[in-house]
There are 2 protein chains.
Amino acid sequence: MRSVDKKIELLKVIAHPVRIQILKELSKGVKCVSDFEEPTQASQPNISQHLGLLRRYGLIDYYMDGRLRCYFLVDPIVLDVLEILKKEYKGSLPAPACCPVTKKGTYPGNRRR
Amino acid sequence: MRSVDKKIELLKVIAHPVRIQILKELSKGVKCVSDFEEPTQASQPNISQHLGLLRRYGLIDYYMDGRLRCYFLVDPIVLDVLEILKKEYKGSLPAPACCPVTKKGTYPGNRRR
DNA sequence: ATAATATATACAAGTATTATAATATGTTAA
DNA sequence: TTAACATATTATAATACTTGTATATATTAT
């Protein structure tokens, strides 16, 4: 099974505005490079670089179709990350109960902020 | 509602080995700074810097308890990201059907790789 | 007060990321 | 074969990130 470290690396690769946009497009289906120019508003070489990075990390792949490179999603982790971006989070996690136990022991001090 | 761009930013902040480890610990409950030294294997100033970053982005917060800073999770997005790291992904997404439609049109060319 | 503890801050140095510009490669069409 | 097209590669400069070292601040204990 894939190590946690590897997945953290993938998260970092995914977490970039242009690359997210690319991945979003790919979640709709196969696309070629020039298809990303409009949605990302990035230059062709820049898109090509991002695609290369995503491919080096195994997140996407392509096949040749005439003179087009047809890119598609490979790694299922991408869809889960995109889900998080769609999800609406309301509010915060419940505040912790006072005076928790840490390794240093339990401390009775007052809550100052 | 929180913008997608903001969430991408948060993802990027989260996607760091030391910070993930910190967030993992916090998902178990409240911890003070020195509690992170062992699991992260990072120096105190380094941990403090990462905690500061996580806090600036609103992912965590703390309250004072005597001379300890008790940190806790605030943003629910953190738990969803940690879920992804736990999840076991087997295999790849289904390969795309041949000859998809891109903006450039449908191309009949052979699959070369 | 003073010392010890817990944590933060400032700064410097190294490294990594990003976008841009210029150019190259391979494919199809004329 | 030449032109046009689709895309990649390389170099580079600007910026951002990361960490270590040194030091500062605040709190508690003596």
Side-chain angles (χ1 to χ4, degrees), chain A residues 5 8-22 25 30-38 40-57 60-72 100 102-113, chain B residues 5 8-22 25-26 30-38 40-57 60-72 102-113:
Chain A
D5 283 346
I8 295 174
E9 216 170 37
L10 294 183
L11 269 188
K12 191 180 159 190
V13 169
I14 294 172
H16 180 285
V18 172
R19 292 194 291 266
I20 287 279
Q21 195 62 50
I22 287 173
E25 290 298 312
V30 173
K31 304 274 173 187
C32 68
V33 178
S34 52
D35 288 335
F36 301 116
E37 291 188 20
E38 193 206 311
T40 63
Q41 294 286 82
S43 68
Q44 177 272 314
N46 192 11
I47 292 167
S48 182
Q49 282 181 153
H50 288 301
L51 287 169
L53 186 67
L54 291 169
R55 184 161 177 276
R56 274 200 301 289
Y57 280 89
I60 66 176
D61 201 359
Y62 67 86
Y63 59 86
M64 296 300 297
D65 193 358
R67 60 182 155 187
L68 300 180
R69 286 198 184 193
C70 298
Y71 281 91
F72 57 90
T102 73
K103 279 196 185 151
K104 296 284 172 179
T106 306
Y107 293 83
N110 293 332
R111 200 159 160 159
R112 314 259 174 87
R113 55 170 294 172
Chain B
D5 283 346
I8 295 174
E9 215 170 37
L10 294 183
L11 268 189
K12 190 178 160 190
V13 168
I14 293 171
H16 180 286
V18 171
R19 293 195 288 268
I20 287 279
Q21 194 62 48
I22 287 173
E25 289 298 312
L26 288 179
V30 173
K31 303 275 173 187
C32 68
V33 179
S34 53
D35 288 336
F36 300 116
E37 292 189 18
E38 193 206 310
T40 63
Q41 293 286 82
S43 68
Q44 177 272 315
N46 191 215
I47 291 167
S48 182
Q49 286 174 131
H50 287 301
L51 286 169
L53 185 67
L54 291 170
R55 183 160 176 278
R56 275 200 299 290
Y57 280 90
I60 66 176
D61 201 359
Y62 67 86
Y63 59 85
M64 296 300 296
D65 192 0
R67 60 180 156 187
L68 300 180
R69 285 200 183 191
C70 297
Y71 281 92
F72 57 90
T102 74
K103 279 195 186 151
K104 295 285 174 177
T106 305
Y107 294 84
N110 293 334
R111 199 160 161 159
R112 314 255 174 90
R113 55 172 293 174

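Chain letters run A, B, ... following the sequence lines, proteins first, then strands; residues in each count from 1.
Straight-line distance from the CD1 atom of A:Ile60 to the C1' atom of D:dA8: 13 Å, rounded to whole Å. In this entry the distance linking NZ of B:Lys31 with C1' of C:dA6 reads 17 Å, nearest Å. Counting to the nearest Å, the P atom of C:dG26 and the CG atom of A:Asp65 are 19 Å from each other. Spacing between atom OH of B:Tyr62 and atom C1' of C:dT7 amounts to 10 Å, rounded to whole angstrom units. Rounded to whole angstrom, the span from the CZ atom of A:Phe36 across to the C1' atom of D:dA8 amounts to 15 Å. Regarding A:Arg56, its CZ atom lies at a distance of 12 Å from the P atom of D:dA8, rounded to whole Å. In this entry the distance linking OH of A:Tyr63 with C1' of D:dT7 reads 16 Å, nearest Å. Between the CD atom of B:Glu9 and the P atom of C:dT18 there is a distance of 13 Å, given to the nearest Å.
With a 3.5 Å ceiling on both atom-pair distances, the Watson-Crick or G-U wobble partner of D:dA24 is C:dT7.
Minimum heavy-atom separation, A:Leu11 to B:Ala15: CB-CB, 3.8 Å.
The 5' end of DNA chain D is approached more closely, in terms of each residue's nearest nucleotide, by A:Arg67 than by the other of A:Leu51 and A:Arg67. In terms of position along DNA chain D, the nucleotide closest to A:Glu37 lies nearer the 5' end than the nucleotide closest to the other residue of the pair A:Glu37 and B:Gln44.
Remark: B:His16 pairs with no residue by the side-chain hydrogen bond (donor to acceptor under 3.5 Å, both in side chains) rule, at least two apart or across chains.
For D:dA6, the OP1/OP2 oxygens have no side-chain nitrogen or oxygen of A:Arg69 closer than 4.0 Å.
The CZ atom of A:Arg69 sits 15.0 Å away from atom CG of A:Asp35, with the distance rounded to the nearest 0.5 Å. Note: A:Leu10 CG to A:Lys12 NZ = 12.0 Å, rounded to the nearest 0.5 Å.
Minimum atom distance to the side chain of B:Tyr71 is reached by C:dA8, of the listed C:dA8, C:dT7, D:dT7. Nearest to the side chain of B:Leu68, among D:dT7, C:dT9, C:dA6, sits C:dA6.
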Interface polar pairs with nucleotides 14-21 of chain D, N/O, under 3.5 angstrom:
from   : atom 1 : to      : atom 2 : distance (Å)
D:dC17 : OP1    : B:Lys12 : NZ     : 3.4
D:dT18 : OP2    : B:Arg19 : NH1    : 3.2
D:dT18 : OP2    : B:Arg19 : NH2    : 3.4
D:dT19 : OP2    : B:His16 : NE2    : 3.4
D:dT19 : OP2    : B:His50 : NE2    : 2.8
D:dG20 : O6     : B:Gln49 : OE1    : 2.9

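In this structure, B:Ser48 and B:Gln44 have side chains that are in contact, with non-hydrogen atoms separated by less than 4.5 Å.
With hydrogens and angles ignored, the 3.5 Å screen pairs a side-chain donor or acceptor of B:Arg19 with a backbone N or O of B:Val13.
If you run side chain to side chain contact (heavy atoms under 4.5 Å, CB included) between A:Ile22 and each of A:Val33, A:Ile14, A:Leu54, only A:Leu54 comes through.
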